[in-house]
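Here the structure comes first, spelled out in structure tokens, and everything after it is commentary.
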Amino acid sequence: MTPLSDAERFARLRLARTDRVGPVAFSQLLQRFGSAVRAVEALPDLVRRSGRDGYALPAVERVEAELAAGERVGARLILLGDADYPPVLAAVDPPPPVLWTLGDPTLLSRPCIGVVGARIASAGGQRIARGLSQQLGEAGHVVVSGLARGIDAAAHMGALPTGTVAVLGGGVDDIYPSENADLYRQIVEKGCIVSESPVGARAQARDFPRRNRIISGLSRGVIVVEAEIRSGSLITARLANEQGRDVFAVPGSPLDPRSKGPNELLRQGAILCEGLEDVERAFTTLRTLREPPADSPFDGAPDDLDDALIEQVAALLSPVPTPRDELARALDMPIGVVAAALLELSLAGRASLLPGGLASV
């Protein structure tokens with residue numbers, strides 16, 4: 001893999017911090033233009049053509065300030081395309097464009113497994129999470145969790161001697177909850193803190209689903225120890241399933257509402273987990289998680305799209321996600337042209353790009 005130039009790394013960070021450029025649009029812009037440098041150059045014209053006002057790339061000074069903030073706290077920036085970007089995470093569709101890390105980033109490329117669960121966890125649940133994580137670490141797995149109170153904290157503590165990864169919703173310097181400050185410091189020394197948020201950012205509610213997606217994306221499988229039916233842990237399990245990861249659940253008493261989540265996962269086909277042996281048995285099955293092929297969906301797309309053509313594509317969109325090849329068939333157009341039109345509509349705020357080549361309004 002050819003190392004990214006300094007200019008390309010700067011452009012990738014700037015592109016990732018651009019309004020309406022999420023992971024899907026980021027990947028598609030790289031595919032369409034071949035590099036972030038070219039994408040950043042082309043973006044103002046794309047947006048202007050779409051008719052959107054008041055849209056601008058992040059100022060160069062803002063990106064420089066983010067890099068300087070990372071340097072001040074000793075954090076390391078890993079970008080999609082860097083040689084040390086975690087290969088299992090690169091297999092996610094689409095992968096996060098940016099990772100800030102504190103600690104040992106080589107842990108991210110080792111075999112990882114997520115352990116998640118309730119914040120208000122029982123003493124028994126915490127004991128299970130701590131003991132299971134210790135066994136997983138001693139067996140060569142890196143335990144990944146979210147540094148929340150309860151099950152997350154117990155999992156990190158059990159895996160501290162062998163290395164653990166904490167994925168945060170805020171920046172890598174955002175210690176939340178504050179009661180885990182000592183655990184945070186130990187993970188920086190013995191493990192790795194990870195976030196795709198800028199250094200200095202404070203976690204907002206919208207950041208936690210993205211955080212959960214990285215927990216599952218880094219992992220070969222995810223173990224849910226305790227969780228109520230409506231919980232972030234079940235969101236992590238759903239994301240893991242969508243990403244082709246194994247989902248494990250520790251069964252519990254039907255009298256405890258914290259067991260309803262794992263028990264429901266078991267009804268849906270999750271792997272029963274009572275100890276390390278259940279995990280190791282599941283991992284003997286042949287499964288390879290690879291980065292998706294670099295084939296571009298934009299083959300045959302012109303540099304400039306006709307406004308009427310873009311409106312034709314927009315007219316077919318609905319709140320129901322639609323595959324771009326279905327749109328291409330309906331319009332009798334090449335897929336590359338439709339993909340380019342959808343990208344421009346998303347930058348104008350008129351379409352949402354979704355994984356798997358889907359789009360909606």
Name of the residue among [options] meeting side chain to side chain contact (heavy atoms under 4.5 Å, CB included) with [X]:
{"X": "Val115", "options": "Val250, Val225, Ile215", "answer": "Val225"}
{"X": "Leu57", "options": "Glu41, Arg14, Arg17", "answer": "Arg14"}
{"X": "Ile187", "options": "Asp182, Val165, Ile193", "answer": "Ile193"}

Taking the side chain as C-beta and beyond, is there a heavy-atom pair between [X] and [Y] under 4.5 Å?
{"X": "Asp82", "Y": "Arg9", "answer": "yes"}
{"X": "Pro23", "Y": "Pro355", "answer": "no"}
{"X": "Leu218", "Y": "Arg245", "answer": "no"}
{"X": "Ile175", "Y": "Leu168", "answer": "no"}
{"X": "Ile78", "Y": "Pro105", "answer": "yes"}
{"X": "Ile113", "Y": "Arg220", "answer": "no"}
{"X": "Tyr85", "Y": "Leu108", "answer": "no"}
{"X": "Ile310", "Y": "Leu345", "answer": "yes"}

Sub-3.5 Å donor-acceptor pair from the side chain of [X] to the main-chain atoms of [Y], do we have one?
{"X": "Asp173", "Y": "Gly200", "answer": "yes"}
{"X": "Asn263", "Y": "Ser259", "answer": "yes"}
{"X": "Ser216", "Y": "Arg213", "answer": "yes"}
{"X": "Asp256", "Y": "Arg258", "answer": "yes"}
{"X": "Ser346", "Y": "Ser352", "answer": "no"}

Of the non-hydrogen atoms in [X] and [Y], which two are nearest, and what is the gap between them?
{"X": "Cys273", "Y": "Leu132", "answer": "SG-CD2, 3.9 Å"}
{"X": "Leu99", "Y": "Ile214", "answer": "CD2-CD1, 4.2 Å"}
{"X": "Ala203", "Y": "Gly169", "answer": "CB-C, 4.0 Å"}
{"X": "Gly150", "Y": "Ala121", "answer": "CA-CB, 4.1 Å"}
{"X": "Ala154", "Y": "Ala129", "answer": "CB-CB, 4.1 Å"}
{"X": "Asp246", "Y": "Ala282", "answer": "OD2-O, 4.3 Å"}

Criterion side-chain contact (heavy atoms from CB on, under 4.5 Å) on Ile128 and Glu274, from CA distance to verdict: CA-CA 9 Å; Ile128 290 169; Glu274 294 180 316; over 6 Å; no

Working to the nearest 0.5 angstrom, can you tell me the gap between [X] [atom1] and [Y] [atom2]?
{"X": "Gln28", "Y": "Phe298", "atom1": "CD", "atom2": "CZ", "value": "4.0 Å"}
{"X": "Glu66", "Y": "Phe10", "atom1": "CD", "atom2": "CZ", "value": "9.5 Å"}
{"X": "Ser231", "Y": "Lys260", "atom1": "OG", "atom2": "NZ", "value": "13.0 Å"}
{"X": "Ser219", "Y": "Leu239", "atom1": "OG", "atom2": "CG", "value": "11.5 Å"}
{"X": "Phe283", "Y": "Asp278", "atom1": "CZ", "atom2": "CG", "value": "11.5 Å"}
{"X": "Leu265", "Y": "Asn241", "atom1": "CG", "atom2": "CG", "value": "9.5 Å"}

Does a sphere of radius 6.0 Å around [atom1] in [X] hold more than 12 heavy atoms from other residues, nucleotides or ligands, not counting ones at 6.0 Å or beyond?
{"X": "Leu272", "atom1": "CG", "result": "yes"}
{"X": "Arg119", "atom1": "CZ", "result": "no"}
{"X": "Glu242", "atom1": "CD", "result": "yes"}
{"X": "Arg202", "atom1": "CZ", "result": "yes"}

Using 4.0 Å as the upper bound for N to carboxylate O, is an ion pair formed by [Y] and [X]?
{"X": "Asp104", "Y": "Lys190", "answer": "no"}
{"X": "Glu179", "Y": "Arg149", "answer": "yes"}
{"X": "Arg281", "Y": "Glu277", "answer": "no"}
{"X": "Glu8", "Y": "Arg38", "answer": "no"}

Working for side-chain contact (heavy atoms from CB on, under 4.5 Å), residues Leu30 and Arg12: CA-CA 9 Å; Leu30 288 187; Arg12 290 195 179 204; 3.9 Å; yes

Parallel, tilted or perpendicular: ring planes of Phe208 versus Tyr176, cut at 30 and 60 degrees: tilted

Grouping I, L, V, M, F, W and Y whenever their side-chain heavy atoms are under 4.5 Å apart, do [X] and [Y] come out in a common cluster?
{"X": "Leu147", "Y": "Val143", "answer": "no"}
{"X": "Leu343", "Y": "Leu80", "answer": "yes"}
{"X": "Val92", "Y": "Val144", "answer": "yes"}
{"X": "Leu234", "Y": "Val167", "answer": "yes"}
{"X": "Leu13", "Y": "Val24", "answer": "no"}

Which donor-acceptor pairs under 3.5 Å do the side chains of residues 317-336 make with protein atoms, sequence neighbours left out?
residue, atom, partner, partner atom, Å
Ser318, OG, Val320, N, 3.1
Ser318, OG, Val320, O, 3.4
Thr322, OG1, Val320, O, 3.1

Pair His156 + Tyr184: ring centers closer than 6.0 Å: no

Contacts of Arg210 that satisfy salt bridge (charged side-chain N to carboxylate O under 4.0 Å, His left out) - sequence neighbours left out: Glu196, Asp207

Verdict with reasoning, Leu43 to Leu347, per side-chain contact (heavy atoms from CB on, under 4.5 Å): CA-CA 9 Å; Leu43 203 54; Leu347 295 172; 3.4 Å; yes

Flag for Glu226-Ser122: side-chain donor and acceptor within less than 3.5 Å: yes

